[in-house]
Engineer: 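Okay, handing you the structure first.
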Amino acid sequence: MHPTQAPWPLTRFRRLRRTPALRALTQETTLTTGDLIWPVFLCDGVKQRQPVASMPGVERLSLDQVVAAAAAARDLGIPVICLFPYTDPVLKTATCEEAWNPENLTNRAIRAIKAEVPEIAVMTDVALDPYNAHGHDGLVQDGIILNDETVEALVKMALAQAEAGADILGPSDMMDGRIGAMRAALEAAGHKDTAILSYAAKYASAFYGPFRDAVGASGALKGDKKTYQMNPANSDEAIRLVARDLAEGADMVMVKPGMPYLDICARVKETFGAPTFAYQVSGEYAMIQAAAQNGWIDGEKAMVESLMAFKRAGCDGILTYFAPAVAKLLQA
Ligand code: PBG
């Protein structure tokens, strides 16, 4: 027992749990719409809404639809929308040049959203996997994922996104040295206010499966991403990676996946006090939705509880496919 605590029966913890009013008064953590970053999947075409089978409730959206979605998100109080493209397989190459094409799907979507819904912040993904014939986040040569050559490509990709008007760049590739290289290139190109939310502690996880279906990368990918994404057994390494990315100029950092790595979220926030985000990834979303669809859990309650856990662990916000659903609930 904590020394300042009177012994039972003088202290009865249930006194403050007795009514909703007392529980509200003593609640330590809150979840608000301002904590949400909404990841959305883009596809080509017009008036397209393609359901993603492994992510019930999630659809790939064509540009007209994503602009409408951004307006709806803004109206719900969601501050950030994060874009992930489903790339036509014919555009995937080993050299990945579609990644820095100013007219690629993501860059067109950034411009369309910023033109129509300037209030919402647009975040992007900086990694080569949607454009790579090999399905990896980096360039591949003789089965090796090249680091420095990939960083050069990522810098071109980041500049194209900043040029299109992205507010926040999200390097999710886990190459070494990419934050410093991107920050320097952004400064030199006059994009001094483009923020970087580094996927600093990103683990080689089985929970990304449904996402790879959503962006059409599952087919191309052979093997795993263990030579660049982190070993799920490691914690000190996450701290060293966050320290490195902050020192290279990251404005915010991310831990990914979310719920299996809450200990990492707490450690990162406690150690650095920097803006810290968790990504509740596709597999986490799919598990909750699947169990709810089977009537095995209350989906709405599980959604709120899972998101509150990130706030309790110290995160400033969460990337979640539940963003519109939970925002509607919080607004009600
Ligand atoms: C790839 C990327 C991935 C996710 C975001 N960016 C997948 C991967 O690393 O294989 C996963 C997101 C999710 O599962 O929801 N650059």
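Counting starts at 1 for both ligands and their atoms, in listed order. Note that the structure is a prediction, hence the values are computed from the model and not measured.
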Engineer: How far is atom 12 (C) of ligand 1 from its nearest protein heavy atom, and which residue and atom is that?
Structural biologist: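 Here the closest protein heavy atom is Phe211 CD1, 3.3 Å.
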Engineer: Is it true that Lys269 and Asp316 make a salt bridge, defined as a side-chain N closer than 4.0 Å to a carboxylate O?
Structural biologist: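 Salt bridge between Lys269 and Asp316, a charged N being under 4.0 Å from a carboxylate O: yes.
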Engineer: Side chains of Gln229 and Ser205: any donor to acceptor distance under 3.5 Å?
Structural biologist: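 Looking only at side-chain atoms, Gln229 and Ser205 do not form any donor-acceptor pair under 3.5 Å.
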Engineer: Give the numbers and elements of all ligand 1 atoms closer than 4.0 Å to a heavy atom of Lys225.
Structural biologist: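 The atoms of ligand 1 under 4.0 Å from a heavy atom of Lys225 are 8 (C), 9 (O), 10 (O).
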Engineer: Heavy atoms only, cut-off 4.0 Å: how does Asp137 contact ligand 1, side chain, backbone, both, or neither?
Structural biologist: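 The side chain, only.
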Engineer: Classify the ring geometry of Tyr285 against Tyr321: parallel below 30°, tilted from 30° to 60°, perpendicular beyond 60°.
Structural biologist: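 It falls in the perpendicular class, over 60°.
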Engineer: To the nearest 0.1 Å, how far is atom 14 (O) of ligand 1 from its closest protein heavy atom, and which atom is that?
Structural biologist: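 It is Ser282 OG, 2.7 Å.
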Engineer: For ligand 1, which part of Tyr321 has a heavy atom less than 4.0 Å away: the side chain, the backbone, both, or neither?
Structural biologist: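 The side chain, only.
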Engineer: When you measure from the heavy atoms of Gln229 to every atom of ligand 1, does any distance fall below 4.0 Å?
Structural biologist: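 In this structure, Gln229 qualifies as a contact of ligand 1 - some heavy atom is under 4.0 Å.
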Engineer: Just by modelled atom types, is the Ser172 backbone N or O under 3.5 Å from a matching donor or acceptor in the Lys256 side chain?
Structural biologist: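 No, the answer is negative, given that no donor and acceptor are paired below the 3.5 Å cut-off.
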Engineer: Do Ser62 and Gln48 pair up side chain to side chain, a donor and an acceptor below 3.5 Å, judged on atom types alone?
Structural biologist: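 On atom types as modelled, these side chains do not qualify, holding no pair under 3.5 Å.
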Engineer: Should the proximity of Asp125 to ligand 1, defined as any heavy atom under 4.0 Å, be assigned to the side chain, the backbone, both, or neither?
Structural biologist: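 For Asp125, the contact with ligand 1 is made by the side chain alone.
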Engineer: Report the part of Ala127 in contact with ligand 1, treating N, CA, C, O as backbone and CB onward as side chain, heavy atoms under 4.0 Å; options are side chain, backbone, both, neither.
Structural biologist: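 Only the side chain of Ala127 comes within reach of ligand 1.
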Engineer: Which atoms of ligand 1 are found less than 4.0 Å from any heavy atom of Lys202?
Structural biologist: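 Listed by number with element: 1 (C), 2 (C), 3 (C), 6 (N), 8 (C), 9 (O), 16 (N).
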Engineer: Which ligand 1 atoms, with their elements, are less than 4.0 angstrom from a heavy-atom of Arg212?
Structural biologist: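 Once the distances to Arg212 are compared, the set is 8 (C), 10 (O).
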Engineer: Any idea which protein heavy atom is nearest atom 16 (N) of ligand 1, and the distance to it?
Structural biologist: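 For atom 16 (N) of ligand 1, the nearest protein heavy atom comes out as Ser172 OG, 2.7 Å.
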Engineer: Which ligand 1 atoms does Tyr279 reach within 4.0 Å, using its non-hydrogen atoms?
Structural biologist: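 Answer for ligand 1: 12 (C), 15 (O).
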Engineer: Salt bridge between Asp44 and Arg108, side-chain N to carboxylate O under 4.0 Å?
Structural biologist: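 Salt bridge present between Asp44 and Arg108.
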Engineer: Just checking, any donor-acceptor pair under 3.5 angstrom between side chains of Asn107 and Asn104?
Structural biologist: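 Short answer, yes.
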Engineer: Between Phe84 and Phe211, does the ring centroid distance fall short of 6.0 Å?
Structural biologist: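 Close enough - the centres of the two rings lie under 6.0 Å apart.
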Engineer: Return the option from Met254, Lys256, Met174 holding the heavy atom at the smallest distance from atom 5 (C) of ligand 1.
Structural biologist: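 Selected option, by shortest heavy-atom distance: Lys256.
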Engineer: Of all the non-hydrogen atoms in the protein, which one sits nearest to atom 1 (C) of ligand 1, and at what distance?
Structural biologist: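 Protein heavy atom with the smallest distance to atom 1 (C) of ligand 1: Asp129 OD2, 2.9 Å.
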Engineer: Under a 4.5 Å cut-off applied to non-hydrogen side-chain atoms, are Glu59 and Gln50 in contact?
Structural biologist: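 No, too far: nothing below the 4.5 Å cut-off.
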